[in-house]
Structure formats: structure tokens, C-alpha cells
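This is a predicted model, so every value here is computed, not measured.
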Amino acid sequence: QVQLVDSGGGLVQAGGSLRLSCAASGRTFGSYAMGWFRQAPGKERDIVAAISCSGGNTYYADSVLGRFTISRDNANKNTVYLQMNSLKSEDTAVYYCAARYYRFTSSCNRYHLAPGEYEYWGQGTQVTVSS
């Protein structure tokens, strides 16, 4: 089991940048495929970006492609990051990281896009972009 702690959200002007972090407990962080989701008021929780266990495969929603970058540090910090640049007002939402465990990392060469595919969730961090 893993515990996830999201951080890094805040208030930023349009065009600005933020870096979200998701710190995971435990010693097997490299066995988890990770994702970042966001949920705006009254809307569904949508995938923003996802990354495979090793970091070799990544996915971005069309709305953030070219502006956001997902990365992970398996060796030292057990953390997944979401670097967000050129922020827009429509990026305003609560952002959640999520994890899916793989018993055999050799099979963890993919990412996952649906919330139901993830087993563990962070508490969320608010991102507000002012126009």
C-alpha cells in the first residue's frame, strides 16, 4: 500500500507556472504507474497526464500538451511531478495524483487514463489561475 501527498498548488496569474509534487510513502514507488487528474467544480475528474513505472511512457491530455510535463524520481525522492507552464484560467481545478500498483514491474510499461484504473489517490491540491 502507498500513501500519496499532493502539494504545490496555489494562485497564479495566467501565463505563469506552477510545479505540483506528489510524494509517495514506501520503498516500491517504482512499482506504481502514476497519473495526475483534475476536477473543476461541477465537472468530472479528468486525466491530465500519466506516466509508466519507469517513466519511459507518458501521456498528456490535448488541452495541456506542450504546456505541462510529467516526470518522476524513483531513485531518491519517490515523487511524481507535474510542471505546469503557460497556465490558463481553464486550468483552474483541484489536482489529484493517483497510483496503480504493478506486482511485476516488467509489465508496467504503460500508463492509465481512467480514474477507475487507479487504486490510490492523493488528497488534492488547488490550482487557481487568474485571468
Side-chain angles (χ1 to χ4, degrees):
Q1 193 168 357
V2 67
Q3 291 186 326
L4 305 175
V5 179
D6 303 331
S7 64
L11 174 64
V12 64
Q13 289 187 334
S17 297
L18 284 174
R19 187 176 80 157
L20 305 184
S21 299
C22 173
S25 63
R27 298 178 295 174
T28 60
F29 182 61
S31 297
Y32 291 86
M34 302 296 295
W36 282 100
F37 290 77
R38 66 186 180 188
Q39 188 168 21
K43 296 190 176 181
E44 295 183 348
R45 190 171 296 190
D46 293 327
I47 185 72
V48 175
I51 191 166
S52 60
C53 291
S54 68
N57 290 307
T58 58
Y59 166 87
Y60 297 94
D62 288 344
S63 59
V64 306
L65 188 63
R67 299 188 297 122
F68 291 10
T69 302
I70 188 171
S71 61
R72 63 189 299 161
D73 182 343
N74 289 355
N76 296 311
K77 296 188 176 181
N78 284 5
T79 299
V80 63
Y81 302 98
L82 186 67
Q83 178 66 44
M84 305 187 296
N85 299 329
S86 302
L87 283 161
K88 305 176 181 180
S89 57
E90 50 263 45
D91 295 318
T92 295
V94 178
Y95 284 70
Y96 300 89
C97 73
R100 176 189 171 110
Y101 177 68
Y102 275 82
R103 182 177 180 186
F104 301 105
T105 56
S106 58
S107 62
C108 182
N109 56 358
R110 57 169 295 186
Y111 44 73
H112 299 273
L113 306 184
E117 295 184 276
Y118 289 88
E119 302 156 294
Y120 305 100
W121 291 86
Q123 82 284 3
T125 185
Q126 176 71 47
V127 172
T128 303
V129 183
S130 63
S131 57

Over all atoms of both residues, closest heavy-atom pair of Ala93 and Ala40: CB-N, 3.9 Å
Please round to the nearest 0.5 Å and tell me the distance separating atom CG of Leu87 and atom OG of Ser131. 12.5 Å
With rounding to the nearest 0.5 angstrom, report the CE to OG1 distance, Met34 to Thr58. 14.5 Å
By salt bridge (charged side-chain N to carboxylate O under 4.0 Å, His left out) - contacts of Arg72 (at least two apart): none
Residues that Gln3 engages under side chain to side chain donor-acceptor pair (under 3.5 Å), provided they are two or more places apart: none
Residues in side chain to side chain contact (heavy atoms under 4.5 Å, CB included) with Ser107, at least two apart? Tyr102, Phe104
Which heavy atom of Asn74 sits nearest a heavy atom of Ser54, and at what distance? ND2-CA, 4.1 Å
Taken in chain and number order and not counting sequence neighbours, the residues that satisfy side chain to side chain donor-acceptor pair (under 3.5 Å) with Arg19 are none
Please report the closest heavy-atom contact between Ser17 and Ser86, naming both atoms and the distance. OG-N, 4.3 Å
From Arg100 atom CZ to Tyr32 atom OH, the distance as rounded to the nearest 0.5 Å: 12.0 Å
Keeping the roles fixed (side chain from Thr92, backbone from Val129), state whether a donor-acceptor pair exists under 3.5 Å. yes
Rounded to the nearest 0.5 Å, the OG1 atom of Thr69 sits from the CG atom of Asn85 at a distance of 6.5 Å
Partner residues of Glu119 under the salt bridge (charged side-chain N to carboxylate O under 4.0 Å, His left out) criterion, sequence neighbours left out: none
Sequence-distant partners of Thr128, side chain to side chain donor-acceptor pair (under 3.5 Å), two or more places apart: Gln126
So how far is it from Phe29 CZ to Asn78 CG, rounded to the nearest 0.5 Å? 6.0 Å
Restricting to salt bridge (charged side-chain N to carboxylate O under 4.0 Å, His left out), what partner residues turn up for Arg110, sequence neighbours left out? Glu117
Side-chain donor/acceptor of Asn57 to backbone N/O of Asn109, under 3.5 Å: yes
Side chain to side chain contact (heavy atoms under 4.5 Å, CB included), that's the test. Do Tyr120 and Cys97 meet it? Break it down for me. CA-CA 8 Å; Tyr120 305 100; Cys97 73; over 6 Å; no
Between atom CZ of Arg103 and atom OG of Ser31, what is the distance when rounded to the nearest 0.5 Å? 11.0 Å
Going through the distances and angles, do Trp36 and Val80 end up as a side chain to side chain contact (heavy atoms under 4.5 Å, CB included)? CA-CA 9 Å; Trp36 282 100; Val80 63; 3.9 Å; yes
Each residue besides Val5 in its hydrophobic cluster should be listed here, by chain and number; the cluster joins Ile, Leu, Val, Met, Phe, Trp and Tyr at side-chain heavy-atom distances under 4.5 Å. none
My understanding is that only residues two or more places apart in sequence, or in another chain, count here; which of them pass side chain to side chain contact (heavy atoms under 4.5 Å, CB included) with Ala23? Thr79
By side chain to side chain donor-acceptor pair (under 3.5 Å), which residues pair with Gln123, not counting sequence neighbours? none
In chain order, what residues pass the side chain to side chain contact (heavy atoms under 4.5 Å, CB included) check against Ser71, with sequence neighbours excluded? Tyr81
Check which hydrophobic residues are tied to Tyr59 through side-chain heavy-atom contacts below 4.5 Å, counting indirect links as well, and list them. Phe37, Ile47, Val94, Tyr96, Tyr111, Leu113, Tyr118, Trp121
Checking Asp91, Asp6, Asp46 against Arg38 for salt bridge (Lys or Arg N to Asp or Glu O under 4.0 Å), the one that qualifies is Asp91
Val127 side chain near Leu20 side chain, heavy-atom distance below 4.5 Å: yes
